Amino acid sequence: MVSSARAEFAARGFDKASIRGIARGARVDPALVHHYFGTKEQVFEAAVEKAFAPAFGVPDEVATAERGQAGERMTRFVFGLWENPATREPLLAIVRSAVNNETAARIFRGLVARNLVTRLAQSLPGPDPQHRVELAVAQLVGTAVLRYVIKIEPLASAPAEDLIAQLAPVVQHHLTGEGVPGAPPAGSAA
């Protein structure tokens, strides 16, 4: 049923998806969907959680990295998810639903906060780790939206390795507070 729900939300968006459509795709009675998942919101949350589950590996990936490699490991891991068609399509569906519907956005926000931001922040030393993680995630999600959803050129067709090399130092800076290579020291006149 979760696969059918994910397909229904991807094809129709949160607003137009229905329990009947999900049940039809799963070849079950709509009452069965309600029995196992409850409301449409609960079905969406189950579908999003399963589709977004690979991204929940980011905290483990960063926690096992040496301090100076955290930004690259996180950036490479996230790009790996977006570059893989098997994980990209569900991520695209989630992002589109979250951008177009407040209920979907609230559900997605909660999953990301619990399973990604909070877990990753717990492993970071220094002040304001949650804020720093949010900035790192914003850097990568913003790039993903421009590259994979809006498809702005030349970003959309740039080699992933080039983007990883350019973004990893910025993500590193957000995660650890270390300076961005090539940037003037903080507080100096550029």
Side-chain angles (χ1 to χ4, degrees), residues 6 9-11 13-15 41 44-65 69-124 126 128-178 180 183:
R6 198 169 52 243
F9 288 119
F14 182 84
D15 288 330
E41 289 82 5
F44 180 76
E45 184 168 2
V48 167
E49 189 162 10
K50 182 167 171 98
F52 204 70
F56 298 149
V58 168
D60 297 330
E61 191 71 19
V62 171
T64 60
Q69 296 298 311
E72 181 177 350
R73 292 275 294 269
M74 181 173 177
T75 304
R76 188 169 296 286
F77 187 88
V78 170
F79 264 85
L81 296 173
W82 282 101
E83 287 292 309
N84 180 345
T87 48
R88 180 177 47 235
E89 291 308 315
L91 290 173
L92 284 170
I94 293 165
V95 169
R96 287 180 181 132
S97 289
V99 168
N100 292 320
N101 181 279
E102 180 51 38
T103 301
R106 178 183 45 77
I107 292 167
F108 183 56
R109 200 170 32 245
L111 286 170
V112 169
R114 273 191 316 276
N115 296 302
L116 185 66
V117 174
T118 300
R119 282 185 52 224
L120 187 51
Q122 290 171 349
S123 70
L124 297 180
D128 299 322
Q130 182 145 343
H131 180 68
R132 295 189 341 257
V133 169
E134 289 168 350
L135 290 171
V137 169
Q139 188 79 47
L140 296 173
V141 170
T143 301
V145 168
L146 292 175
R147 179 176 171 88
Y148 303 101
V149 178
I150 300 172
K151 298 180 181 180
I152 290 181
E153 290 296 348
L155 187 65
S157 60
E161 284 300 318
D162 291 354
L163 296 174
I164 291 168
Q166 293 169 327
L167 289 166
V170 178
V171 172
Q172 178 73 22
H173 175 72
H174 290 313
L175 294 177
T176 65
E178 296 169 2
V180 177

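Being a predicted model, the structure only gives us computed values, none of them experimental. Position 1 is the first residue of the sequence, and the numbers go up from there.
Side-chain contact between Glu41 and Phe14 is present, with heavy atoms from C-beta onward closer than 4.5 Å. You'll find the side chain of Glu45 stays beyond 4.5 Å of the side chain of Arg106, heavy atoms only.
Between Glu49 and Arg6, no side-chain nitrogen of the basic residue sits less than 4.0 Å from a carboxylate oxygen of the acidic one, so the salt-bridge criterion is not met.
Partner Thr75 forms a side chain to side chain contact (heavy atoms under 4.5 Å, CB included) with one of Thr143, Ile164, Leu163 and no other, that one being Ile164.
Taking all atoms of both residues into account, the shortest heavy-atom contact from Pro129 to Gly126 is CD-O, 3.6 Å. In plain terms, the two heavy atoms of Leu124 and Arg132 that are nearest each other are CB-NH2, 3.7 Å. When all heavy atoms of Glu72 and Ala168 are compared, the pair lying nearest together is CA-CB, 3.6 Å. Contact between Leu116 and Val137 at its shortest, heavy atoms only, is CD2-CG2, 4.2 Å. Closest approach of Ala104 to Ser97, counting heavy atoms only: CB-O, 3.5 Å. Nearest heavy-atom pair, Arg88 versus Glu83, reported as atom, atom and distance to 0.1 Å: NH1-O, 3.4 Å.
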Exercise for the section: Using the side-chain contact (heavy atoms from CB on, under 4.5 Å) rule, take Arg73 and Thr64 through it: C-alpha gap first, then chi angles, then the decisive distance, then the call. Expected result: CA-CA 9 Å; Arg73 292 275 294 269; Thr64 60; 2.9 Å; yes

Exercise for the section: For the pair Asn100 and Asp15, evaluate side-chain contact (heavy atoms from CB on, under 4.5 Å) and give the outcome as yes or no after the intermediate values. Expected result: CA-CA 9 Å; Asn100 292 320; Asp15 288 330; 5.7 Å; no

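Atom CG of residue Leu111 and atom CZ of residue Phe44 lie 8.5 Å apart, to the nearest 0.5 angstrom. From Leu120, atom CG reaches atom CG of Asn115 across 12.0 Å, with rounding to the nearest 0.5 Å. To the nearest 0.5 Å, atom CD of residue Gln69 and atom OG1 of residue Thr176 are 11.0 Å apart. Taken to the nearest 0.5 Å, the CD1 atom of Ile150 stands 10.0 Å off from the CG atom of Leu155. For the atom pair NE2 (His174) and CG (Asp128), the distance works out to 13.5 Å, reported to the nearest 0.5 Å. Atom CD of Glu89 is separated from atom CG of Asn84 by 10.0 Å, given to the nearest 0.5 angstrom.
Applying the side-chain contact (heavy atoms from CB on, under 4.5 Å) test to Ala11 and every residue at least two apart in sequence or in another chain returns nothing. A search for ring-ring contact (aromatic ring centres under 6.0 Å, His included) contacts involving Phe79 returns nothing, not counting sequence neighbours.
The backbone N or O of Ala70 lies less than 3.5 Å from a partner atom in the side chain of Gln172, making a donor-acceptor pair.
Evaluation of the ring-ring contact (aromatic ring centres under 6.0 Å, His included) test over residues 138-168, restricted to residues two or more places apart or in two chains, returns Trp82-Tyr148.
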